[in-house]
Amino acid sequence: MNQPDFDALYADHLATMKRRADEALSRSGFDHLVVPSGTQHYQVFDDRDYPYAVNPQFKAWLPLTRVPYSWLVYTPDTSRPGQRPKVIFYQPFDYWHVVPDAPSGWWVEHFDIHIIRKPEEALALLPKPAARCAVLGEPQSTLGDYAPNNPAAAVDYLEYQRSYKTPYEIALMREAQHLAVRGHRAAEAAFREGKSEFAIHMAYCGAVGQDLGELPYNNIVALNEHGAVLHYTELGRSAPAPVRSFLIDAGASFHGYASDITRTYATDKSGEFQAMIDAVDAAQIKMGEGVRAGVDYKQLHVDSHLTLMGILKDFGVIKVSPEAALETGVSAAFFPHGLGHPIGLQVHDVAGFAESDRGGKIPRPPGHPYLRMTRVLEPGMVVTIEPGLYFIDMLLDEVKKNGRADSVDWGRVDAFRPYGGIRIEDEVMCTAGDAVNLTRPAFAAAA
Ligand code: GLY
Ligand code: MN
Ligand code: MN
């Protein structure tokens with residue numbers, strides 16, 4: 001696979017980041033944008049650190065995910081034309097840990113880079129006075145007078161703009177797809193060999209070359225009934241007998257950008273559960289094609305309920321029309337999460353509810369408490385499309401309690417319950433024209 005020209009793409013991305021920072025500073029009334037990469041966090045009463053998680057505002061500028069105690073400093077060009085933004089790069093003298101490599105890569109030539117050996121050395125390099133700095137980060141990053149103040153006018157603007165991915169970001173996200181797909185293929189093979197959830201997870205991590213410290217979220221690897229637990233992360237150490245079904249929701253990171261992919265498989269490729277998977281898969285492709293500029297994501301979500309209930313009706317699981325199932329809350333028992341969410345630097349990326357770049361929140365439609373995206377789609381946005389159908393006793397009991405037991409054929413529920421559930425999830429980019437599915441081409445390339 002040929003890698004894209006990240007040098008050229010990055011130069012344009014950086015120009016966009018500077019323009020956005022200029023506007024964020026002008027709106028918030030500060031002179032300098034100061035972004036700490038974040039610090040290590042320690043467990044209470046212990047000297048063990050949690051896995052380091054970089055500040056997303058920092059990795060938006062730089063493909064650096066493993067340099068805590070570092071800083072990005074940007075001052076608009078008008079004050080000193082031609083100046084480069086500053087990177088304060090923490091590279092300690094340390095024989096206990098591997099220290100970050102010296103700065104290298106496509107970003108280096110664009111910055112004025114200062115190496116520091118101790119976190120506090122950053123103080124002398126940060127712009128003065130601290131009161132003129134918009135500092136974006138977590139409280140723990142405070143250094144001297146530089147306490148993150150996260151001005152809302154700047155954060156709202158920058159987070160909103162992050163919805164519109166630059167070509168550089170799309171290229172990185174495509175690489176994150178290819179990495180995850182390697183893992184998905186290895187995981188499917190391990191499932192077909194009868195491996196345990198833990199062993200499948202290990203096969204996934206081995207193929208991707210990432211584990212919990214780097215993966216964008218904990219792998220969901222679920223055999224049989226476990227597929228009905230939406231965020232099942234237990235990783236059983238032995239395989240159930242018999243193994244009937246497999247749901248895997250797992251992604252990968254590439255220079256800080258996430259992929260988030262779900263597939264569902266059946267052991268019996270000619271059985272009824274496989275047929276239901278195929279129906280959800282075909283419907284998911286169609287839903288992805290609905291990602292078009294001007295379309296309200298809330299509407300896609302509601303439409304997906306009707307489509308999924310149409311599938312349950314075809315399979316004899318519900319006895320009422322899709323419209324009636326939606327109206328009475330029966331559909332929410334079988335599809336109890338949102339159709340998807342924005343994705344990028346974070347797996348659940350920011351600004352999914354943003355009313356504008358000046359703040360405000362677009363509420364979820366009533367009765368859909370887990371939807372994570374309520375905006376109208378625009379070119380450059382990337383969202384997941386992840387419809388699912390599950391057989392979850394707790395929610396089906398609610399259907400009975402709510403007097404809707406007649407809507408469901410409980411014998412059919414009994415037939416499907418041992419398979420847990422189905423979810424199919426891809427990333428889809430909105431353009432001025434047709435939707436672009438980022439995930440399916442990666443599977444096709446790997447086949
Ligand atoms: N993997 C979490 C999600 O799909 O949102
Ligand atoms: Mn997702
Ligand atoms: Mn997922």
Side-chain angles (χ1 to χ4, degrees), residues 53 56 163 165 173-174 176-185 187-188 197 200-201 204-205 208 210-212 214-222 226-235 245-254 256-265 277 280-281 283-285 287-288 290-291 297-298 300-301 304 308 335-353 364 368-375 377 381-390 392 420-430 435 437-440 442-443:
S163 308
K165 270 59 183 176
M173 290 178 74
R174 283 188 193 276
Q177 301 290 324
H178 287 292
L179 272 177
V181 163
R182 263 190 231 162
H184 274 263
R185 286 170 57 85
E188 185 193 352
E197 292 165 346
I200 296 171
H201 164 74
Y204 183 94
C205 292
V208 176
Q210 296 180 4
D211 65 9
L212 280 188
E214 209 172 349
L215 292 172
Y217 56 93
N218 289 356
N219 284 350
I220 295 167
V221 175
H226 294 159
V229 180
L230 298 183
H231 281 177
Y232 176 86
T233 52
E234 291 298 304
L235 300 175
S245 59
F246 172 41
L247 185 156
I248 174 166
D249 182 342
S253 298
F254 192 73
Y257 286 83
S259 53
D260 177 8
I261 300 174
T262 309
R263 291 293 182 267
T264 309
Y265 304 97
I277 294 171
V280 174
D281 189 63
Q284 190 269 0
I285 292 175
M287 291 171 196
V291 172
Y297 195 88
K298 294 192 288 300
L300 283 185
H301 170 80
S304 70
L308 290 166
F335 176 37
H337 58 75
L339 178 62
H341 49 84
I343 183 167
L345 283 168
Q346 292 159 235
V347 61
H348 295 157
D349 211 2
V350 290
F353 303 100
R364 297 175 167 116
H368 299 272
Y370 299 110
L371 184 59
R372 291 176 182 272
M373 168 72 178
T374 53
R375 288 172 63 181
L377 293 161
M381 290 180 171
V382 181
V383 292
T384 68
I385 295 290
E386 49 181 303
L389 285 174
Y390 311 86
I392 304 173
I422 299 169
R423 181 163 64 255
I424 310 286
E425 176 175 25
D426 292 339
E427 271 78 89
V428 183
M429 176 171 64
C430 182
N437 186 310
L438 300 179
T439 308
R440 301 245 169 196
F443 275 101

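We count ligands from 1, going down the list as the structure has it; atoms in each ligand are counted the same way.
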Problem - Sequence-distant partners of Glu234, salt bridge (charged side-chain N to carboxylate O under 4.0 Å, His left out), two or more places apart - result: none

Completion exercise
Note: ligand 1 atoms sitting under 4.0 Å from heavy atoms of Glu425 are 4 (O)

Practice task
Would you confirm whether Gln346, through its side chain, and Pro56, through its main-chain N or O, come within 3.5 Å as a donor-acceptor pair?
Solution key: no

Exercise for the section: Take atom CZ of Arg372 as the centre, draw a 6.0 Å sphere, and report whether it contains more than 12 heavy atoms from other residues, nucleotides or ligands. Expected result: no

Handout entry: Geometric class of the Tyr390/His337 ring pair [parallel <30°, tilted 30-60°, perpendicular >60°]
Key = perpendicular

Handout entry: Any donor-acceptor N/O pair, Tyr265 side chain to Ser245 backbone, under 3.5 Å
Key = no

Fill in the blank from the handout: Given a cut-off of 2.8 Å, the protein N, O or S atoms lying below it from the Mn ion (ligand 2) are Asp260 OD2, His341 NE2, Glu386 OE2, Glu425 OE2

Exercise for the section: Decide whether an N or O pair under 3.5 Å exists between His231 and ligand 1. Expected result: no

Exercise for the section: Using atom types as modelled and distance alone, determine if a side-chain donor or acceptor of Ser259 lies under 3.5 Å from a backbone N or O of Ala176. Expected result: yes

Exercise for the section: For Tyr217, counting its heavy atoms only, list the atoms of ligand 1 lying under 4.0 Å from any of them. Expected result: 1 (N)

Fill in the blank from the handout: the protein heavy atom lying closest to atom 3 (C) of ligand 1 turns out to be Asp260 OD2, 3.3 Å

Exercise for the section: Report yes if His348 has an N/O atom closer than 3.5 Å to an N/O atom of ligand 1; otherwise report no. Expected result: yes

Exercise for the section: Name the orientation class of the two ring planes belonging to Tyr204 and His184 (parallel below 30°, tilted from 30 to 60°, perpendicular beyond 60°). Expected result: perpendicular

Practice task
Scan side-chain atoms only and decide if Thr439 and Gln177 contain a donor-acceptor pair under the 3.5 Å cut-off.
Solution key: yes

